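Note sheet for the following structure.
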Amino acid sequence: MKRVSFFLLIATLIVFIWLGNKQRMYEQTGGLTQMAIPDVGFEAPQFELMTSEGESFSFPEETEGEAVFLNFWASWCPPCRAETPDMVEIAKLYEGKVTFIGVNTAYQDRLEPALEFIEQFQVPYLNVFDEKGKVSHTYQVSATPTSFVVDKKGKIVYRKLGGMTRQEMIHAIEKALGGSD
Amino acid sequence: MFDPLKSISLGPFQLYFQIIAIIIAIILAFLVLTNRLKRIVPVERESISNHLQTSLIIAIVLYKFWPFILSPGLIKTPSNLIFYSGGPYALVVALIGAGIWFGFKWWKQKWSFALLDELSLSMLFGWITYLMMIKQYGKPSPFSFGWDKEGVMLHPVNLYEVIILAMFAIFAFYWVERSRKGARTVYFIIAIILTQTLIAPF
(Lines give C-alpha, C1' and ligand atoms only; values in the text may rest on other atoms or scores of the structure.)
Protein backbone atom coordinates (compact mmCIF):
# COMPACT_ATOMS: atom_id res chain seq x y z
CA MET A 1 0.00 0.00 0.00
CA LYS A 2 2.94 2.31 0.70
CA ARG A 3 4.06 2.01 -2.93
CA VAL A 4 0.50 2.36 -4.24
CA SER A 5 0.10 5.66 -2.35
CA PHE A 6 3.28 6.95 -4.00
CA PHE A 7 2.13 6.01 -7.52
CA LEU A 8 -1.37 7.38 -6.86
CA LEU A 9 0.06 10.75 -5.89
CA ILE A 10 2.39 10.87 -8.91
CA ALA A 11 -0.48 9.87 -11.25
CA THR A 12 -2.72 12.58 -9.76
CA LEU A 13 -0.03 15.23 -10.21
CA ILE A 14 0.54 14.16 -13.84
CA VAL A 15 -3.20 14.18 -14.62
CA PHE A 16 -3.64 17.71 -13.21
CA ILE A 17 -0.58 19.07 -15.00
CA TRP A 18 -2.01 17.62 -18.22
CA LEU A 19 -5.47 19.10 -17.52
CA GLY A 20 -3.84 22.48 -16.86
CA ASN A 21 -2.00 22.36 -20.19
CA LYS A 22 -5.21 21.38 -22.00
CA GLN A 23 -6.96 24.35 -20.39
CA ARG A 24 -4.21 26.76 -21.49
CA MET A 25 -4.39 25.40 -25.06
CA TYR A 26 -8.19 25.76 -25.02
CA GLU A 27 -7.89 29.41 -23.97
CA GLN A 28 -5.17 30.14 -26.54
CA THR A 29 -7.28 28.67 -29.34
CA GLY A 30 -10.15 31.06 -28.59
CA GLY A 31 -12.17 28.97 -26.16
CA LEU A 32 -14.57 30.63 -23.76
CA THR A 33 -12.50 32.14 -20.93
CA GLN A 34 -15.10 33.93 -18.84
CA MET A 35 -18.62 33.29 -17.68
CA ALA A 36 -21.13 35.66 -16.12
CA ILE A 37 -21.79 34.51 -12.57
CA PRO A 38 -22.78 36.93 -9.79
CA ASP A 39 -19.76 36.13 -7.67
CA VAL A 40 -16.29 37.52 -7.09
CA GLY A 41 -13.85 36.75 -9.90
CA PHE A 42 -16.53 36.39 -12.59
CA GLU A 43 -18.03 38.70 -15.18
CA ALA A 44 -21.04 40.66 -13.90
CA PRO A 45 -24.24 39.42 -15.62
CA GLN A 46 -25.92 41.73 -18.12
CA PHE A 47 -29.33 43.27 -17.51
CA GLU A 48 -31.73 45.83 -18.88
CA LEU A 49 -34.10 47.72 -16.57
CA MET A 50 -36.22 50.84 -16.56
CA THR A 51 -35.58 54.04 -14.64
CA SER A 52 -38.44 55.83 -12.82
CA GLU A 53 -38.74 58.09 -15.87
CA GLY A 54 -39.42 55.07 -18.04
CA GLU A 55 -36.06 55.15 -19.81
CA SER A 56 -34.27 51.94 -20.50
CA PHE A 57 -30.84 51.28 -18.97
CA SER A 58 -28.51 48.49 -20.10
CA PHE A 59 -25.68 47.12 -18.03
CA PRO A 60 -22.80 46.85 -18.80
CA GLU A 61 -23.25 48.49 -22.25
CA GLU A 62 -23.89 51.93 -20.78
CA THR A 63 -21.04 51.75 -18.28
CA GLU A 64 -18.42 50.24 -20.60
CA GLY A 65 -14.90 50.78 -19.25
CA GLU A 66 -16.11 52.20 -15.93
CA ALA A 67 -15.93 50.78 -12.42
CA VAL A 68 -19.47 50.22 -11.15
CA PHE A 69 -21.03 50.00 -7.70
CA LEU A 70 -24.32 48.06 -7.92
CA ASN A 71 -26.58 48.24 -4.89
CA PHE A 72 -29.80 46.20 -4.58
CA TRP A 73 -32.14 47.92 -2.14
CA ALA A 74 -35.72 48.25 -0.94
CA SER A 75 -37.36 51.23 0.75
CA TRP A 76 -38.66 49.20 3.73
CA CYS A 77 -35.29 47.60 4.47
CA PRO A 78 -33.64 49.07 7.63
CA PRO A 79 -30.00 48.26 6.73
CA CYS A 80 -30.59 49.92 3.32
CA ARG A 81 -31.69 53.06 5.17
CA ALA A 82 -28.66 52.82 7.43
CA GLU A 83 -26.10 52.53 4.64
CA THR A 84 -27.61 54.92 2.06
CA PRO A 85 -26.31 58.21 3.57
CA ASP A 86 -22.76 56.79 3.45
CA MET A 87 -23.33 55.49 -0.08
CA VAL A 88 -24.51 58.92 -1.23
CA GLU A 89 -21.42 60.52 0.30
CA ILE A 90 -19.07 57.96 -1.29
CA ALA A 91 -20.82 58.34 -4.67
CA LYS A 92 -20.06 62.08 -4.53
CA LEU A 93 -16.48 61.42 -3.42
CA TYR A 94 -15.84 59.08 -6.36
CA GLU A 95 -17.81 61.03 -8.95
CA GLY A 96 -16.28 60.54 -12.38
CA LYS A 97 -14.32 57.51 -11.22
CA VAL A 98 -17.07 55.08 -10.25
CA THR A 99 -20.64 54.78 -11.53
CA PHE A 100 -23.15 54.05 -8.80
CA ILE A 101 -26.36 52.25 -9.76
CA GLY A 102 -29.16 51.49 -7.35
CA VAL A 103 -31.37 48.54 -8.25
CA ASN A 104 -34.66 48.79 -6.41
CA THR A 105 -36.10 45.33 -5.83
CA ALA A 106 -39.45 46.62 -7.06
CA TYR A 107 -41.03 43.16 -7.09
CA GLN A 108 -41.05 43.33 -3.29
CA ASP A 109 -41.40 47.11 -2.94
CA ARG A 110 -43.78 49.85 -4.15
CA LEU A 111 -42.87 52.69 -6.48
CA GLU A 112 -44.15 55.51 -4.25
CA PRO A 113 -42.10 54.72 -1.10
CA ALA A 114 -39.12 53.86 -3.33
CA LEU A 115 -39.24 57.33 -4.92
CA GLU A 116 -39.69 58.88 -1.47
CA PHE A 117 -36.59 57.00 -0.32
CA ILE A 118 -34.58 58.41 -3.23
CA GLU A 119 -35.80 61.92 -2.45
CA GLN A 120 -35.36 61.63 1.32
CA PHE A 121 -31.70 60.60 1.02
CA GLN A 122 -31.10 62.88 -2.00
CA VAL A 123 -29.64 59.96 -3.92
CA PRO A 124 -27.65 61.54 -6.77
CA TYR A 125 -27.00 58.39 -8.81
CA LEU A 126 -29.12 56.40 -11.24
CA ASN A 127 -31.77 54.05 -9.86
CA VAL A 128 -33.48 51.35 -11.87
CA PHE A 129 -36.47 49.19 -10.97
CA ASP A 130 -36.50 45.40 -11.02
CA GLU A 131 -40.25 44.93 -11.25
CA LYS A 132 -40.29 41.24 -12.14
CA GLY A 133 -37.37 40.27 -9.93
CA LYS A 134 -35.50 38.81 -12.91
CA VAL A 135 -32.31 40.74 -12.31
CA SER A 136 -32.37 39.99 -8.58
CA HIS A 137 -32.78 36.33 -9.50
CA THR A 138 -29.89 36.49 -12.00
CA TYR A 139 -27.69 38.13 -9.36
CA GLN A 140 -28.89 35.61 -6.74
CA VAL A 141 -29.93 38.43 -4.42
CA SER A 142 -31.76 36.68 -1.60
CA ALA A 143 -31.97 39.71 0.71
CA THR A 144 -31.41 43.45 0.62
CA PRO A 145 -29.11 45.24 0.73
CA THR A 146 -26.73 43.31 -1.48
CA SER A 147 -23.90 45.18 -3.19
CA PHE A 148 -21.52 44.33 -6.01
CA VAL A 149 -18.45 46.26 -7.02
CA VAL A 150 -17.40 45.70 -10.62
CA ASP A 151 -14.03 46.72 -12.06
CA LYS A 152 -13.43 48.47 -15.41
CA LYS A 153 -13.18 45.12 -17.18
CA GLY A 154 -16.62 44.08 -15.97
CA LYS A 155 -15.35 41.63 -13.38
CA ILE A 156 -16.94 41.45 -9.92
CA VAL A 157 -14.32 42.25 -7.28
CA TYR A 158 -16.57 42.49 -4.22
CA ARG A 159 -19.93 41.09 -3.17
CA LYS A 160 -21.62 41.80 0.13
CA LEU A 161 -24.92 40.79 1.64
CA GLY A 162 -25.86 43.28 4.34
CA GLY A 163 -24.98 46.84 5.18
CA MET A 164 -21.66 48.30 4.11
CA THR A 165 -19.81 50.90 6.14
CA ARG A 166 -17.93 53.85 4.57
CA GLN A 167 -14.60 52.06 5.04
CA GLU A 168 -15.91 48.92 3.42
CA MET A 169 -17.23 50.85 0.41
CA ILE A 170 -13.91 52.68 -0.04
CA HIS A 171 -11.98 49.44 0.34
CA ALA A 172 -14.13 47.69 -2.31
CA ILE A 173 -13.97 50.64 -4.72
CA GLU A 174 -10.20 50.97 -4.39
CA LYS A 175 -9.96 47.27 -5.14
CA ALA A 176 -11.98 47.81 -8.34
CA LEU A 177 -9.97 50.86 -9.38
CA GLY A 178 -6.62 49.28 -8.56
CA GLY A 179 -7.37 45.90 -10.02
CA SER A 180 -8.31 47.20 -13.43
CA ASP A 181 -5.29 49.43 -14.02
CA MET B 1 -23.12 19.80 -3.25
CA PHE B 2 -24.51 23.28 -2.73
CA ASP B 3 -24.21 26.51 -4.65
CA PRO B 4 -22.25 29.01 -2.49
CA LEU B 5 -24.72 31.82 -3.26
CA LYS B 6 -27.88 29.86 -2.46
CA SER B 7 -29.47 30.53 0.91
CA ILE B 8 -32.33 29.41 3.11
CA SER B 9 -34.65 31.64 5.11
CA LEU B 10 -34.88 31.10 8.86
CA GLY B 11 -37.53 33.58 9.92
CA PRO B 12 -36.01 37.03 9.38
CA PHE B 13 -32.54 35.60 8.77
CA GLN B 14 -30.97 34.48 5.51
CA LEU B 15 -28.46 31.67 5.92
CA TYR B 16 -26.11 31.05 3.04
CA PHE B 17 -25.18 27.41 2.43
CA GLN B 18 -21.59 28.60 2.51
CA ILE B 19 -21.99 29.69 6.15
CA ILE B 20 -23.73 26.39 7.03
CA ALA B 21 -20.85 24.48 5.40
CA ILE B 22 -18.27 26.51 7.35
CA ILE B 23 -20.08 25.74 10.64
CA ILE B 24 -20.30 22.00 9.83
CA ALA B 25 -16.62 21.92 8.79
CA ILE B 26 -15.53 23.65 12.03
CA ILE B 27 -17.61 21.26 14.18
CA LEU B 28 -16.23 18.18 12.41
CA ALA B 29 -12.64 19.45 12.58
CA PHE B 30 -13.14 20.11 16.29
CA LEU B 31 -14.52 16.59 16.85
CA VAL B 32 -11.59 15.04 14.98
CA LEU B 33 -9.13 17.05 17.06
CA THR B 34 -10.70 16.24 20.44
CA ASN B 35 -10.89 12.58 19.49
CA ARG B 36 -7.20 12.48 18.59
CA LEU B 37 -6.21 14.47 21.68
CA LYS B 38 -7.92 11.82 23.82
CA ARG B 39 -5.21 9.40 22.70
CA ILE B 40 -2.23 11.75 22.54
CA VAL B 41 -2.64 14.14 25.50
CA PRO B 42 -5.55 12.76 27.58
CA VAL B 43 -4.78 14.96 30.60
CA GLU B 44 -4.59 18.27 28.74
CA ARG B 45 -7.39 17.45 26.30
CA GLU B 46 -10.10 19.31 28.15
CA SER B 47 -8.02 22.42 28.71
CA ILE B 48 -6.98 22.51 25.04
CA SER B 49 -10.51 22.11 23.72
CA ASN B 50 -11.77 24.79 26.15
CA HIS B 51 -9.18 27.26 24.92
CA LEU B 52 -9.96 26.35 21.31
CA GLN B 53 -13.62 27.17 21.90
CA THR B 54 -12.61 30.48 23.49
CA SER B 55 -10.45 31.23 20.42
CA LEU B 56 -13.42 30.55 18.17
CA ILE B 57 -15.59 32.93 20.19
CA ILE B 58 -12.85 35.58 20.01
CA ALA B 59 -12.76 35.16 16.21
CA ILE B 60 -16.55 35.53 15.91
CA VAL B 61 -16.66 38.58 18.21
CA LEU B 62 -13.78 40.28 16.36
CA TYR B 63 -15.42 39.60 13.00
CA LYS B 64 -18.79 40.90 14.17
CA PHE B 65 -17.46 44.05 15.85
CA TRP B 66 -14.72 44.92 13.36
CA PRO B 67 -16.81 47.69 11.68
CA PHE B 68 -17.30 49.30 15.11
CA ILE B 69 -13.59 49.13 15.86
CA LEU B 70 -12.84 50.86 12.53
CA SER B 71 -15.66 53.41 12.95
CA PRO B 72 -16.51 53.78 16.65
CA GLY B 73 -19.12 56.40 15.72
CA LEU B 74 -21.38 53.64 14.39
CA ILE B 75 -22.12 52.45 17.90
CA LYS B 76 -24.05 55.70 18.58
CA THR B 77 -26.96 54.05 16.75
CA PRO B 78 -27.47 50.69 18.53
CA SER B 79 -29.42 49.19 15.60
CA ASN B 80 -26.16 49.30 13.60
CA LEU B 81 -25.08 46.32 15.69
CA ILE B 82 -27.59 44.24 13.72
CA PHE B 83 -26.81 45.77 10.33
CA TYR B 84 -23.02 45.64 10.15
CA SER B 85 -20.39 42.93 10.46
CA GLY B 86 -17.19 41.91 8.73
CA GLY B 87 -15.70 44.25 6.20
CA PRO B 88 -12.14 44.86 5.04
CA TYR B 89 -9.60 42.52 6.69
CA ALA B 90 -12.21 41.40 9.28
CA LEU B 91 -11.50 37.73 8.60
CA VAL B 92 -7.73 38.21 8.83
CA VAL B 93 -8.06 40.17 12.09
CA ALA B 94 -10.43 37.52 13.52
CA LEU B 95 -8.01 34.70 12.67
CA ILE B 96 -4.97 36.57 13.98
CA GLY B 97 -6.80 37.49 17.21
CA ALA B 98 -7.88 33.90 17.80
CA GLY B 99 -4.39 32.64 16.89
CA ILE B 100 -2.67 35.04 19.30
CA TRP B 101 -4.98 34.00 22.15
CA PHE B 102 -4.48 30.28 21.51
CA GLY B 103 -0.73 30.69 20.97
CA PHE B 104 -0.43 32.58 24.27
CA LYS B 105 -2.29 29.82 26.12
CA TRP B 106 -0.14 27.18 24.40
CA TRP B 107 3.03 28.93 25.54
CA LYS B 108 1.72 29.51 29.08
CA GLN B 109 0.42 25.98 29.60
CA LYS B 110 3.52 24.49 27.93
CA TRP B 111 1.57 22.10 25.72
CA SER B 112 3.51 19.66 23.59
CA PHE B 113 4.72 20.74 20.13
CA ALA B 114 2.99 17.58 18.81
CA LEU B 115 -0.29 19.50 19.17
CA LEU B 116 0.68 21.48 16.07
CA ASP B 117 0.46 18.34 13.90
CA GLU B 118 -2.93 17.44 15.34
CA LEU B 119 -4.19 20.96 14.75
CA SER B 120 -3.02 21.02 11.13
CA LEU B 121 -4.47 17.56 10.50
CA SER B 122 -7.90 18.54 11.84
CA MET B 123 -7.82 21.84 9.95
CA LEU B 124 -7.06 19.96 6.74
CA PHE B 125 -9.96 17.61 7.51
CA GLY B 126 -12.26 20.60 8.06
CA TRP B 127 -11.11 22.23 4.83
CA ILE B 128 -11.74 19.03 2.81
CA THR B 129 -15.20 18.72 4.43
CA TYR B 130 -16.02 22.28 3.37
CA LEU B 131 -14.78 21.68 -0.18
CA MET B 132 -16.99 18.60 -0.42
CA MET B 133 -20.08 20.59 0.52
CA ILE B 134 -19.75 23.80 -1.49
CA LYS B 135 -19.33 24.09 -5.25
CA GLN B 136 -16.49 26.25 -6.45
CA TYR B 137 -16.90 27.31 -10.05
CA GLY B 138 -13.84 27.57 -12.25
CA LYS B 139 -13.33 28.78 -15.80
CA PRO B 140 -15.29 27.32 -18.73
CA SER B 141 -13.92 23.87 -19.41
CA PRO B 142 -13.16 22.13 -22.73
CA PHE B 143 -14.11 18.80 -21.10
CA SER B 144 -17.51 17.19 -20.76
CA PHE B 145 -17.39 17.02 -16.96
CA GLY B 146 -17.78 19.79 -14.40
CA TRP B 147 -20.43 22.11 -13.01
CA ASP B 148 -23.10 22.88 -15.59
CA LYS B 149 -23.98 26.57 -15.49
CA GLU B 150 -26.54 27.63 -18.10
CA GLY B 151 -25.30 25.00 -20.54
CA VAL B 152 -21.63 25.90 -20.07
CA MET B 153 -19.40 23.35 -18.36
CA LEU B 154 -17.24 24.93 -15.65
CA HIS B 155 -14.26 23.33 -13.93
CA PRO B 156 -15.28 21.78 -10.57
CA VAL B 157 -12.39 23.44 -8.74
CA ASN B 158 -13.46 22.25 -5.27
CA LEU B 159 -13.50 18.62 -6.42
CA TYR B 160 -10.05 19.00 -8.00
CA GLU B 161 -8.77 20.35 -4.70
CA VAL B 162 -10.37 17.51 -2.73
CA ILE B 163 -8.82 14.86 -5.02
CA ILE B 164 -5.30 16.35 -4.86
CA LEU B 165 -5.43 16.98 -1.09
CA ALA B 166 -6.79 13.47 -0.46
CA MET B 167 -3.89 11.97 -2.43
CA PHE B 168 -1.41 14.06 -0.44
CA ALA B 169 -3.09 12.93 2.80
CA ILE B 170 -2.92 9.23 1.81
CA PHE B 171 0.73 9.68 0.88
CA ALA B 172 1.43 11.37 4.24
CA PHE B 173 -0.22 8.49 6.09
CA TYR B 174 2.39 6.05 4.76
CA TRP B 175 5.45 8.19 4.17
CA VAL B 176 5.63 11.04 6.66
CA GLU B 177 7.16 10.09 9.99
CA ARG B 178 4.71 10.68 12.80
CA SER B 179 7.39 10.68 15.49
CA ARG B 180 9.03 13.81 14.05
CA LYS B 181 7.13 16.68 15.61
CA GLY B 182 6.03 19.32 13.11
CA ALA B 183 6.89 17.17 10.07
CA ARG B 184 3.24 16.65 9.11
CA THR B 185 2.48 20.35 9.46
CA VAL B 186 5.34 21.28 7.14
CA TYR B 187 4.22 18.57 4.71
CA PHE B 188 0.61 19.83 4.72
CA ILE B 189 1.74 23.41 4.07
CA ILE B 190 3.79 22.20 1.08
CA ALA B 191 0.82 20.08 -0.10
CA ILE B 192 -1.54 23.08 0.07
CA ILE B 193 0.89 25.32 -1.88
CA LEU B 194 1.32 22.61 -4.55
CA THR B 195 -2.45 22.05 -4.74
CA GLN B 196 -3.10 25.77 -5.25
CA THR B 197 -0.45 25.85 -8.00
CA LEU B 198 -2.00 22.84 -9.73
CA ILE B 199 -5.54 24.24 -9.69
CA ALA B 200 -4.48 27.78 -10.67
CA PRO B 201 -5.13 27.25 -14.44
CA PHE B 202 -8.77 26.36 -13.75
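Quick note on labels: first sequence line is chain A, next is B, and so on, each numbered from 1. Note that the structure is a prediction, hence the values are computed from the model and not measured.
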Search all heavy atoms of [X] against all heavy atoms of [Y] and return the closest pair with its distance.
X: A:Gln167; Y: B:Leu70; result: NE2-O, 3.7 Å
X: B:Trp175; Y: A:Lys2; result: NE1-O, 3.0 Å
X: A:Tyr158; Y: B:Pro88; result: OH-N, 4.3 Å
X: A:Phe42; Y: B:Gly138; result: CE2-O, 3.7 Å

Considering only heavy atoms, which portion of [X] lies under 4.5 Å from any heavy atom of chain B: side chain, backbone, both, or neither?
X: A:Pro145; result: neither
X: A:Gln34; result: backbone
X: A:Met25; result: neither

Counting heavy-atom pairs under 4.5 Å to chain B, which of A:Met1, A:Met169, A:Lys160 comes out on top?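 Most pairs with chain B among the choices: A:Met1.
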
So which residue, A:Pro38, A:Pro78, A:Ala82, A:Pro79, ends up with the most heavy-atom pairs under 4.5 Å with chain B?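 Among the listed options, the one with the most contacts to chain B is A:Pro79.
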
Do [X] and [Y] have side chains that approach each other closer than 4.5 Å (heavy atoms only, starting at C-beta)?
X: A:Met35; Y: B:Lys149; answer: yes
X: A:His171; Y: B:Tyr89; answer: yes
X: A:Arg166; Y: B:Ser71; answer: no
X: A:Val4; Y: B:Ile170; answer: no
X: B:Pro67; Y: A:Glu168; answer: no
X: A:Leu32; Y: B:Val152; answer: yes
X: A:Leu161; Y: B:Tyr16; answer: yes
X: A:Glu83; Y: B:Phe83; answer: no

CA sep, side-chain torsions, deciding dist, call: B:Tyr137, A:Ile37, side chain to side chain contact (heavy atoms under 4.5 Å, CB included): CA-CA 9 Å; B:Tyr137 300 113; A:Ile37 294 177; 4.1 Å; yes

Which bit of B:Leu74 is near chain A, if near means a heavy-atom gap under 4.5 Å: side chain, backbone, both or neither?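 The side chain, not the backbone.
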
What part of B:Leu194 gets within 4.5 angstrom of chain A, counting heavy atoms only: side chain, backbone, both, or neither?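 Neither part.
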
Just wondering, more than 12 heavy atoms not from [X] lying within 6.0 Å of its [atom1]?
X: A:Glu66; atom1: CD; result: yes
X: B:Met153; atom1: CE; result: yes
X: B:Met123; atom1: CE; result: no
X: A:Lys155; atom1: NZ; result: no
X: B:Glu46; atom1: CD; result: no
X: B:Gln53; atom1: CD; result: yes
X: A:Glu61; atom1: CD; result: yes

Are the side chain of A:Gln23 and the backbone N or O of B:Pro140 linked by a donor-acceptor pair below 3.5 Å?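 Between the backbone of B:Pro140 and the side chain of A:Gln23 there is a qualifying donor-acceptor contact (under 3.5 Å).
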
Chain B-proximal positions within residues 8-22 of chain A [heavy-atom distance under 4.5 Å]: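 Those residues of residues 8-22 of chain A which have a heavy atom under 4.5 Å from chain B are A:Leu8, A:Leu9, A:Thr12, A:Leu13, A:Phe16, A:Ile17, A:Trp18, A:Leu19, A:Gly20, A:Lys22.
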
Residue among B:Phe168, B:Phe173, B:Tyr160, B:Tyr84 with most heavy-atom pairs under 4.5 Å to chain A: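 Looking at each option in turn, the highest pair count goes to B:Tyr84.
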
